[in-house]
2 protein chains.
Amino acid sequence: MITHEQTMTTSEWEVMRIIWTLNEATSKQIIHFMRLKKNWAPSTVKTLITRLQKKGYLTDNGAPRDRLYLPIISEQEAMHHALAHTIGAMCAMYVGQSLAEVLPDITLSRDDITQLQSVLQKKLTQAPTTVACDCLPKERITHHVH
Amino acid sequence: MITHEQTMTTSEWEVMRIIWTLNEATSKQIIHFMRLKKNWAPSTVKTLITRLQKKGYLTDNGAPRDRLYLPIISEQEAMHHALAHTIGAMCAMYVGQSLAEVLPDITLSRDDITQLQSVLQKKLTQAPTTVACDCLPKERITHHVH
DNA sequence: TTTATTAATCTACAGTTGTAAACTAAAGAT
DNA sequence: ATCTTTAGTTTACAACTGTAGATTAATAAA
């Protein structure tokens with residue numbers, strides 16, 4: 001099987017959150033927090049770190065010991081991608097509704113809200129009346145000549 | 001390894017979109033559309049259908065042939081879950097910003113936008129000034145008595 | 001410098017996913 | 001009633017994930 005797009009798994013994501021928040025971290029720190037969060041064994045964390053490096057999400061400062069691991073992609077970038085990816089896989093017709101359903105359960109700051117409102121306001125002028133379902137691929141109609 | 005939560009994979013999701021849109025479908029129809037969308041072999045689609053049934057996302061009308069497959073969960077429900085799941089795994093502090101970044105690239109109808117705006121307006125009164133990062137688990141501080 | 005400690009690498013292994021061929025059982029055609 | 005065509009069931013298999021023990025290589029301690 002040819003692997004297409006390299007995505008972060010949920011476990012890997014958890015590890016990245018620690019590192020993003022600390023800006024850089026030793027395996028010891030990561031292990032510490034992941035034990036608190038998920039009660040993972042140290043080796044589990046090590047494995048995840050290695051995989052994240054292979055996937056190109058993480059580097060390190062090359063120290064032979066007490067090495068520091070550093071994110072290659074920022075948390076905001078990663079979040080942007082993840083969100084765009086999730087939404088991109090969905091039926092365009094229901095995306096707006098879905099967002100409206102999910103929003104009430106999300107904690108947003110006053111500034112977030114005004115920011116979002118302004119973005120929406122800008123979109124309003126260009127907004128179409130309806131959004132069509134895009135779940136079925138276009139049937140390329142063949143004209144049967146006879 | 002004990003499997004925790006049963007999630008739909010992206011490939012399974014593609015299959016579900018077809019069925020959701022047709023309301024119910026024969027394997028023939030699904031195979032047809034998945035060939036157009038992904039150029040999958042018929043058996044591939046069959047496998048996915050079986051897995052979706054095992055995971056409880058799909059049933060069928062029991063016919064021994066030309067069987068109809070029916071979704072157990074609605075597209076909107078599934079989308080709601082997926083979106084909540086993605087957002088739930090993210091740093092609370094940046095969710096608002098991420099949404100604001102992604103919104104411009106999303107097609108929303110005029111109604112969607114006003115709907116979203118009204119939801120946001122309602123949230124505004126209760127909204128906090130800031131949202132803290134929740135990437136690190138709470139360190140339970142132990143008081144060392146000596 | 002020998003030893004104990006700890007960090008990093010290697011190996012492991014079952015379950016999931018992407019991808020599909022082979023086989024079997026209905027139903028339609030002859 | 002037999003053959004052909006489909007639809008459904010089994011089997012396959014490599015890559016990816018979750019989860020972690022075993023081994024080796026640096027350091028710190030004795």
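Every chain is numbered from 1, with letters handed out A, B, ... down the list of sequences.
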_Between B/Asp134 and A/Arg17, does any side-chain N to carboxylate O distance fall below 4.0 Å?_
yes

*Nucleotide nearest B/Thr47 (side chain, heavy atoms from C-beta), chosen from C/dA20, D/dA7, D/dT17*: C/dA20

*Quick one: B/Met8 CE to C/dG18 P, roughly how many Å, whole number?*
12 Å

*asked:* Rounded to the nearest 0.5 Å, what separates atom CD1 in B/Ile30 from atom NZ in B/Lys28?
replied: 13.0 Å

*Going by modelled atom types, is there a donor-acceptor pair between the base of D/dG18 and the side chain of A/Ser11 at under 3.5 Å?*
no

*With a 3.5 Å cut-off and just heavy-atom distances, do the side chain of B/Arg65 and the base of D/dA7 make a donor-acceptor pair?*
no

*First of B/Ser43 and B/Arg51 reached from the 5' end of DNA chain C, by closest nucleotide*: B/Arg51

*Hey, are A/Gln53 and A/Asp60 close enough side-chain-wise for a donor-acceptor pair under 3.5 Å?*
yes

*Is A/Glu14 paired with A/Lys37 through a side-chain N to carboxylate O contact shorter than 4.0 Å?*
yes

*Is any side-chain nitrogen or oxygen of B/Thr44 closer than 4.0 Å to OP1 or OP2 of C/dT19?*
no

*Round to the nearest Å and state the distance from B/Met34 atom CE to C/dT17 atom P.*
16 Å

*Respond yes when some side-chain nitrogen or oxygen of B/Trp40 is under 4.0 Å from OP1 or OP2 of C/dT19, and no when none is.*
yes

*asked:* Output the rounded distance in Å from CD (B/Gln29) to C1' (D/dT6).
replied: 15 Å

*Contact under 4.0 Å: B/Lys54 side-chain N or O vs D/dT9 OP1/OP2*: no

*d(NZ, B/Lys38; C1', C/dT17) in whole Å*: 13 Å

*Starting from P on C/dT6, measure out to NE2 on A/His32 and report it in whole angstrom.*
16 Å

*Residue-phosphate contact under 4.0 Å: B/Arg35 side-chain N/O, C/dT19 OP1/OP2*: no

*Looking at the side chain of A/Lys46, which of C/dT19, C/dA8, D/dT19 is the nearest nucleotide?*
C/dA8

*Which of the following nucleotides, C/dG18, C/dA20, C/dA26, is nearest to the side chain of B/Thr9?*
C/dG18

*Which whole-number value in Å describes the distance from B/Ile49 CD1 to D/dG8 P?*
8 Å

*Mapping B/Leu68 and A/Asp66 onto DNA chain D by nearest heavy atom, which one lands closer to the 5' end?*
B/Leu68

*Would you kindly check whether a donor in the side chain of A/Ser27 faces an acceptor in the base of C/dA7, or vice versa, at under 3.5 angstrom?*
no

*For A/Ile31 and C/dT9, what is the distance between atoms CD1 and P respectively, to the nearest whole Å?*
12 Å

*Would you mind reading off the distance between B/Lys28 atom NZ and C/dG28 atom C1', rounded to a whole angstrom?*
12 Å

*Given D/dT19, D/dT27, C/dA20, the nucleotide with the shortest approach to the side chain of A/Pro64*: D/dT27

*Verify side chain to side chain contact (heavy atoms under 4.5 Å, CB included) between B/Gln97 and A/His80, making sure each step is shown before the conclusion.*
CA-CA 9 Å; B/Gln97 189 196 309; A/His80 182 112; over 6 Å; no

*Look at all strands and tell whether B/Leu48 reaches a base, only sugar-phosphate, or nothing, counting heavy atoms closer than 4.0 Å.*
base

*Does the side chain of B/Gln76 pick up a donor-acceptor pair with the side chain of A/Glu101 at under 3.5 Å?*
no

